[in-house]
Amino acid sequence: MTALPVITESPAASAAADSRPTLTPGACGPVVRHLQRRLAHLRYAPGPATGCVNRPTIMAVWALQKANRLRPASAVGPRTWRALDRGRVPRPLVRQGAAPKRVEINLTRQLMHVYRRNRLALTTHISTGAQRRYCHKGRCGFAITPTGNFRVYRQNNGWRTGPLGSMYKPMYFRGGIAMHGSTSVPLYPASHGCVRLPLNVAHNLRHLVSKGQPVYVRRPPRR
């Protein structure tokens, strides 16, 4: 896997970003296909380049925006275009002693990064524990995603229904807490403790993450 380029923004590039249309959900055309291909090149997993702004594309845009410290929104405007053009690679969350093949979960920015051979292979939007007490069908607890160093110890294919809901292709790393696909991955921590992923990301995650792989969960200070 080759290193991703870092593109320095020039006045001409800034003007080009300002001249592009603002894209919103449902928009279609060649410029959307360019957006999807660029997101895929930067490892944001927007799904197939359909040429239309769909749900996977929007969640990949959210990841790009959060990784570039922009307020996540479903519209692709000048600031998002400039971030896309710059192509900056997010800094590793764990910089010392980290395994070259690993998962990093940033609870502050609600992002997950996957590395292979110390190269960034995926950045995705996530939704983690809501940090509040819950009761669901008589089962009560505190919705928190624990911080620490873990490993993937079990994987399931397809949909699995547990006591707190349905999970798509879960990868468990601590007790019943897993990274899994969900039909609801909102722009705020909303889970019972699991790491919710876009469905298209969860579908392909097995190609990047295997049993025994380290999972580092951190809550860094917001900067």
Side-chain angles (χ1 to χ4, degrees), residues 1-93 104-116 119-128 181-182 184-190 196-205 208 220-223:
M1 184 178 296
T2 58
L4 297 178
V6 176
I7 301 173
T8 302
E9 186 177 28
S10 65
S14 179
D18 291 338
S19 69
R20 292 175 194 163
T22 295
L23 301 177
T24 54
C28 296
V31 69
V32 177
R33 190 170 286 108
H34 167 73
L35 167 71
Q36 293 168 327
R37 288 172 175 167
R38 181 64 175 159
L39 287 167
H41 176 72
L42 296 174
R43 322 290 193 236
Y44 285 103
T50 62
C52 291
V53 179
N54 51 24
R55 189 67 174 167
T57 302
I58 287 298
M59 287 193 276
V61 167
W62 289 349
L64 168 77
Q65 291 166 336
K66 290 190 288 184
N68 284 271
R69 291 176 167 75
L70 301 177
R71 184 183 295 275
S74 297
V76 180
R79 296 183 71 188
T80 302
W81 281 120
R82 285 195 287 272
L84 196 73
D85 290 339
R86 284 193 299 267
R88 291 176 179 166
V89 178
R91 292 182 178 180
L93 192 59
E104 295 186 350
I105 295 170
N106 187 325
L107 299 179
T108 304
R109 297 209 169 274
Q110 294 289 284
L111 287 171
M112 187 177 88
H113 308 284
V114 178
Y115 289 85
R116 301 183 73 184
R119 299 279 182 86
L120 186 64
L122 170 69
T123 298
T124 183
H125 161 70
I126 59 175
S127 178
T128 59
S182 175
S184 175
V185 192
L187 274 173
Y188 53 88
R196 295 184 189 176
L197 307 170
L199 290 175
N200 68 300
V201 172
H203 182 72
N204 295 307
L205 195 61
L208 297 176
R222 190 175 291 278
R223 291 179 291 177

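Only a predicted model underlies this, so the values are computations on that prediction, with no experimental measurement involved.
- Proximity of N68 to R86: side-chain heavy atoms (C-beta onward) are separated by under 4.5 Å at one or more points.
- Contact detail for N54 and P46: the closest heavy-atom pair is OD1-O, 4.4 Å.
- Taken from CG in L111 to CD1 in I126, the straight-line distance is 6.5 Å, to the nearest 0.5 Å.
- With rounding to the nearest 0.5 Å, the separation of OG1 in T128 from CG in N106 is 9.5 Å.
- Between the side chain of R43 and the main chain of H41, a donor-acceptor pair closer than 3.5 Å is present.
- Proximity of S74 to P25: side-chain heavy atoms (C-beta onward) are separated by under 4.5 Å at one or more points.
- Residues P198 and T124 approach most closely at CD-OG1, 3.5 Å, considering heavy atoms.
- Within the 4.5 Å cutoff, the side chain of T80 has no heavy atoms near those of the L23 side chain.
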For residues 27-37, dump all side-chain donor-acceptor pairs below 3.5 Å to protein atoms at least two apart in sequence or in another chain.
unit_1	atom_1	unit_2	atom_2	d
R33	NH2	T50	O	3.4
Q36	OE1	T50	N	3.0
Q36	OE1	G51	N	2.9
Q36	NE2	T50	OG1	3.3
Q36	NE2	C52	O	2.9
Q36	NE2	T57	OG1	3.0

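- Contact annotation: the side chain of I58 approaches that of V53 to within less than 4.5 Å [non-hydrogen atoms, C-beta and beyond].
- Inter-residue side-chain proximity for H113 and P92 is flagged as unmet; no heavy-atom pair is nearer than 4.5 Å.
- Once rounded to the nearest 0.5 Å, the distance linking CG of L197 with NE2 of H203 reads 13.5 Å.
- Atoms CG and CE, on L107 and M112 in that order, are 12.5 Å from each other to the nearest 0.5 Å.
- Under the 3.5 Å distance criterion, the side-chain polar atoms of N200 are matched with a main-chain donor or acceptor of A45.
- Nearest heavy-atom pair across P90 and Y115 is O-OH, 4.0 Å.
- Counting heavy atoms from C-beta outward, R109 and R69 have side chains that approach closer than 4.5 Å.
- Distance check: T108 OG1 to K66 NZ gives 11.0 Å after rounding to the nearest 0.5 Å.
- Checking side-chain atoms of R79 against main-chain N and O of L70 turns up no donor-acceptor pair under 3.5 Å.
- Judged by distance alone, with hydrogens and angles left aside, the side-chain atoms of W81 form a donor-acceptor pair with the main-chain N or O of P21 at under 3.5 Å.
- Between R196 atom CZ and H125 atom NE2 the span is 10.0 Å, to the nearest 0.5 Å.
- Taking each heavy atom of A75 and T22 in turn, the nearest pair found is CB-CG2, 4.1 Å.
- At a threshold of 4.5 Å between non-hydrogen side-chain atoms, the residues T123 and L42 do not count as touching.
- Using a 4.5 Å cut-off on side-chain heavy atoms (C-beta onward), D85 and R20 make contact.
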